[in-house]
Amino acid sequence: MGLKQLIQRIIYPTRYSSEALIRHIRSGGGKVGNNCFFFGSSSIFVDDGSLQYISIGDNVNITRDVIILAHDFSYSVLEKTDDPVSLRPQMFTTIGNNVFIGMRSIILQGTNIGDNVIIGAGSVVSGKVESNSVYAGNPAKKICSLEEHKNKLAKRFPKSAAAYAKGFQMTHGRIPTNEEMVIYSSLISGYEDSYNGINKNVLRGFKKYKSVEELMETNLKEI
């Protein structure tokens with residue numbers, strides 16, 4: 001174990017692993033659904049003093065350096081004005097089902113993220129986030145629908161496959177086999193059904209290549 005990991009384990013004993021952080025949130029009254037994962041959990045801040053106001057659904061992936069807040073102490077300024085008043089706000093912070101939150105995003109108190117949502121890296125999110133959508137920016141705004149995002153990725157799929165093959169070649173000193181193309185093997189003739197994790201309807205009509213070499217030669221020119 002490295003020194004950094006040892007320090008993290010000492011300082012953040014409840015956040016060292018994804019499972020530990022989930023247990024920590026639940027122990028404080030927060031809700032975390034099934035099949036959730038926190039990447040780089042020791043770098044993620046979940047509002048310790050307000051865990052009971054945080055609800056996270058099923059199939060949620062939260063990446064490094066994300067901050068999830070469920071309190072707002074800015075009201076303290078009002079208590080120190082000429083006409084002091086205490087107006088403490090309290091709202092639930094909710095993340096729906098099947099949500100991805102990109103690195104260094106901040107989820108502010110009272111945010112309500114719907115189902116099937118992608119939050120781009122570095123976003124500052126507040127208010128209501130529509131289901132089946134992609135949000136990004138500061139403040140985060142809707143970029144496109146999830147269907148539109150799927151279509152964009154589908155159009156770029158052959159170029160992504162060529163880039164993957166080139167990266168493999170640079171790492172291993174050889175072109176990957178058809179099987180080693182994993183999800184991208186669906187673009188190679190005779191291997192369309194070799195990867196079960198892809199919806200074949202999305203790639204219907206796509207050109208099929210005789211070999212990985214042909215796929216690279218055709219698509220690397222356009223990258």
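Only heavy atoms go into these numbers, but all of them, side chains included; no hydrogens, no water, no symmetry mates.
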Distance-minimising heavy-atom pair for [X] and [Y]:
{"X": "Met103", "Y": "Asp65", "value": "CE-OD2, 4.4 Å"}
{"X": "Tyr75", "Y": "Glu79", "value": "CE1-OE2, 3.3 Å"}
{"X": "Gly120", "Y": "Ser105", "value": "O-OG, 3.0 Å"}
{"X": "Pro158", "Y": "Leu187", "value": "CA-CD1, 3.8 Å"}
{"X": "Ile175", "Y": "Gln169", "value": "CG1-NE2, 3.6 Å"}

Judged by atom type as modelled, is there a donor-acceptor pair below 3.5 Å linking the side chain of [X] to the main-chain atoms of [Y]?
{"X": "Ser131", "Y": "Gly114", "answer": "no"}
{"X": "Glu148", "Y": "Cys144", "answer": "no"}
{"X": "Asp47", "Y": "His71", "answer": "yes"}
{"X": "Lys208", "Y": "Phe206", "answer": "yes"}

Should [X] and [Y] be regarded as members of a common hydrophobic cluster, given that ILVMFWY residues are connected when their side-chain heavy atoms come within less than 4.5 Å of each other, either directly or indirectly?
{"X": "Phe168", "Y": "Ile188", "answer": "yes"}
{"X": "Ile68", "Y": "Tyr53", "answer": "no"}
{"X": "Leu51", "Y": "Ile62", "answer": "yes"}
{"X": "Val134", "Y": "Val60", "answer": "no"}
{"X": "Ile67", "Y": "Leu108", "answer": "yes"}

Contact check, side chains of [X] and [Y], non-hydrogen atoms, under 4.5 Å:
{"X": "Ser17", "Y": "Phe38", "value": "no"}
{"X": "Val124", "Y": "Pro139", "value": "no"}
{"X": "Lys142", "Y": "Glu130", "value": "yes"}
{"X": "Tyr184", "Y": "Ser160", "value": "yes"}
{"X": "Met181", "Y": "Val212", "value": "yes"}

Where at least one partner belongs to residues 120-129, residue pairs that pass side chain to side chain donor-acceptor pair (under 3.5 Å), sequence neighbours excluded: none
Just verifying a value: how many Å separate [X] [atom1] and [Y] [atom2], rounded to the nearest 0.5 Å?
{"X": "Arg26", "Y": "Ile54", "atom1": "CZ", "atom2": "CD1", "result": "13.5 Å"}
{"X": "Lys150", "Y": "Asn132", "atom1": "NZ", "atom2": "CG", "result": "11.0 Å"}
{"X": "Thr218", "Y": "Lys159", "atom1": "OG1", "atom2": "NZ", "result": "10.5 Å"}
{"X": "Asn112", "Y": "Ile107", "atom1": "CG", "atom2": "CD1", "result": "11.5 Å"}
{"X": "Arg23", "Y": "Leu21", "atom1": "CZ", "atom2": "CG", "result": "10.0 Å"}
{"X": "Tyr135", "Y": "Ser133", "atom1": "OH", "atom2": "OG", "result": "4.5 Å"}

Side-chain donor-acceptor contact under 3.5 Å, Asp83 with Thr81: no
Test applied, side chain to side chain contact (heavy atoms under 4.5 Å, CB included); reference residue, Ile101; option that passes from Asn61, Ile56, Ile44, Val66: Val66
Partner set under side chain to side chain donor-acceptor pair (under 3.5 Å) for Gln52, not counting sequence neighbours: none
Flag if over 12 foreign heavy atoms under 6.0 Å of NZ, Lys210: no
Step-by-step side chain to side chain contact (heavy atoms under 4.5 Å, CB included) determination, Ile183 to Tyr164: CA-CA 10 Å; Ile183 189 172; Tyr164 171 83; over 6 Å; no
Lys166/Met216 under side chain to side chain contact (heavy atoms under 4.5 Å, CB included): CA gap, chis, key distance, verdict: CA-CA 7 Å; Lys166 184 63 178 178; Met216 293 174 67; 4.2 Å; yes
Lys/Arg-Asp/Glu bridge criterion (N-O < 4.0 Å) met for Arg174, Glu180: yes
Please table the atom pairs, donor to acceptor, closer than 3.5 Å between any side-chain atom in residues 89-99 and protein atoms at least two apart or in another chain.
{"from": "Gln90", "atom 1": "NE2", "to": "Ala70", "atom 2": "O", "distance (Å)": "3.1"}
{"from": "Thr93", "atom 1": "OG1", "to": "Leu69", "atom 2": "O", "distance (Å)": "2.7"}
{"from": "Thr93", "atom 1": "OG1", "to": "Gly110", "atom 2": "N", "distance (Å)": "3.1"}
{"from": "Asn97", "atom 1": "OD1", "to": "Asp58", "atom 2": "N", "distance (Å)": "2.8"}
{"from": "Asn98", "atom 1": "ND2", "to": "Asn116", "atom 2": "OD1", "distance (Å)": "2.9"}

